[in-house]
Amino acid sequence: MAAVHTILGEQVTMPVQIRVADAASAMFLADAQATRNILGGTGLEPVTIAGRAICTLVFVRYIDGDLGPYHEFGLAVMAQLPGDRSSIGIYISWLPVNQPFTLAAGREIWGFPKEMADIRITSHGRGKRCEVLMDGRLVVALETSGGIPAPAQLGGASIAAYTNLDGVLRSTPWVMNPSEVRMRPGGARVELGEHPIAEQMRALGLPRRALFTSEIGSLRMTFEDAREVG
């Protein structure tokens, strides 16, 4: 029988389905020690390439899904259980959203570190721009600048999403089915404001040139129930 969670008086049946969304992301090399600081106390270690860690900034416009329509921005780093390459996934360290129901569901079901913010996603030239504001002040902005069409068959990618809310490490199976994908090397511009999260991004080495950026014109996703790790 499918698990059912009651969130703000409404039932959410697992797995959660996202039927229509679009997204953009940029991947960067990051300072390994700053990444270890983010992962401190989780039991995870950063995935490194030539001594550098990997972080990703992403924004998503959820249009039709089980949690309703909303905007989301994420800061994530690639991580694994110590010495276990089979456990590689992404650790989500910050995940602001702009609607209260998805905030409550994200925190209660999966332990996602969601908090409320003003998130503005707009077209920007050939690309997109996302601004995250708190108390009317800019925390971070990410601009992407389009790219060339990627191969059509990128669907069904599954990745472990790690979270560590209230000291409990969880792993959530997350399946993505993207289409209308455009990618390019570089292609991102990051602006940082004055906020503890912005300072954390600066410690990672942002803003800097992205390894690559991607824009997803149509995205379907499935989130299974989280499981505790360890």
Side-chain angles (χ1 to χ4, degrees), residues 17-30 47 49 52-65 67 69-78 89-99 102 117-134 138-159 161 174-193 195 197-198 200-202 204-223:
Q17 303 285 343
I18 306 302
R19 291 170 287 276
V20 183
D22 55 49
S25 66
M27 181 177 286
F28 304 86
L29 291 176
V47 175
I49 299 174
R52 306 301 298 275
I54 300 168
C55 74
T56 299
L57 300 181
V58 58
F59 57 88
V60 185
R61 189 169 64 109
Y62 293 83
I63 301 167
D64 177 27
L67 304 182
Y70 62 99
H71 293 172
E72 179 178 86
F73 188 95
L75 167 63
V77 297
M78 289 192 67
I90 61 166
Y91 175 75
I92 301 173
S93 67
W94 188 55
L95 198 65
V97 294
N98 69 343
Q99 295 296 330
T102 186
D118 179 4
I119 302 175
R120 305 172 184 178
I121 299 174
T122 56
S123 298
H124 183 80
R126 297 179 59 188
K128 297 180 178 181
R129 177 179 172 90
C130 178
E131 298 177 347
V132 181
L133 299 96
M134 291 182 169
L138 180 71
V139 178
V140 58
L142 174 64
E143 290 180 12
T144 58
S145 54
I148 61 173
Q153 299 302 319
L154 291 176
S158 179
I159 191 167
W174 172 24
V175 178
M176 295 175 287
N177 288 280
S179 59
E180 302 174 28
V181 180
R182 304 182 73 87
M183 303 179 70
R184 59 164 292 178
R189 180 170 177 262
V190 178
E191 299 173 30
L192 297 176
H195 186 276
I197 292 293
Q200 194 174 72
M201 292 181 193
R202 287 189 177 94
L204 290 170
L206 299 177
R208 68 183 308 146
R209 177 180 168 81
L211 292 174
F212 67 87
T213 60
S214 64
E215 294 181 3
I216 302 173
S218 179
L219 178 61
R220 292 182 292 113
M221 295 183 282
T222 301
F223 295 89

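FYI, the numbering just counts along the sequence from 1.
Under the 4.5 Å side-chain criterion, counting only non-hydrogen atoms from C-beta, Val47 is not in contact with Val77. Within the 4.5 Å cutoff, side-chain heavy atoms of Val190 are placed close to those of Val140. Two residues are said to be in side-chain contact when any heavy atoms from C-beta on lie closer than 4.5 Å; Pro96 and Ile119 meet this criterion. Side-chain contact between Phe28 and Leu206 is present, with at least one heavy-atom pair separated by less than 4.5 Å. You'll find the side chain of Phe212 reaches within 4.5 Å of the side chain of Met183, heavy atoms only. Counting heavy atoms from C-beta on, the side chains of Leu138 and Val132 never come closer than 4.5 Å.
Here the side chain of Arg19 pairs no donor or acceptor atom with the backbone of Ile63 at under 3.5 angstrom.
Looking at residues two or more places apart in sequence or on another chain, you find no side chain to side chain donor-acceptor pair (under 3.5 Å) involving Ser218. Legend: residues meeting side chain to side chain donor-acceptor pair (under 3.5 Å) with Tyr91, ordered by chain and number and at least two apart, are absent. With sequence neighbours left out, the side chain to side chain donor-acceptor pair (under 3.5 Å) criterion links Ser145 to Arg184.
Note that CD1 of Ile92 and CG of Leu75 are 10.0 Å apart. Values are rounded to the nearest 0.5 Å. Atom CE of Met134 is separated from atom CD1 of Ile197 by 7.5 Å, given to the nearest 0.5 angstrom. The CD atom of Gln200 sits 5.0 Å away from the OG atom of Ser93 when rounded to the nearest 0.5 Å.
Ion pairing of Arg182 with Glu215 is absent here, as no side-chain N (NZ or NE/NH1/NH2) approaches a carboxylate O to less than 4.0 Å.
For Thr144 and Thr213, the side-chain atoms include no donor-acceptor pair closer than 3.5 Å.
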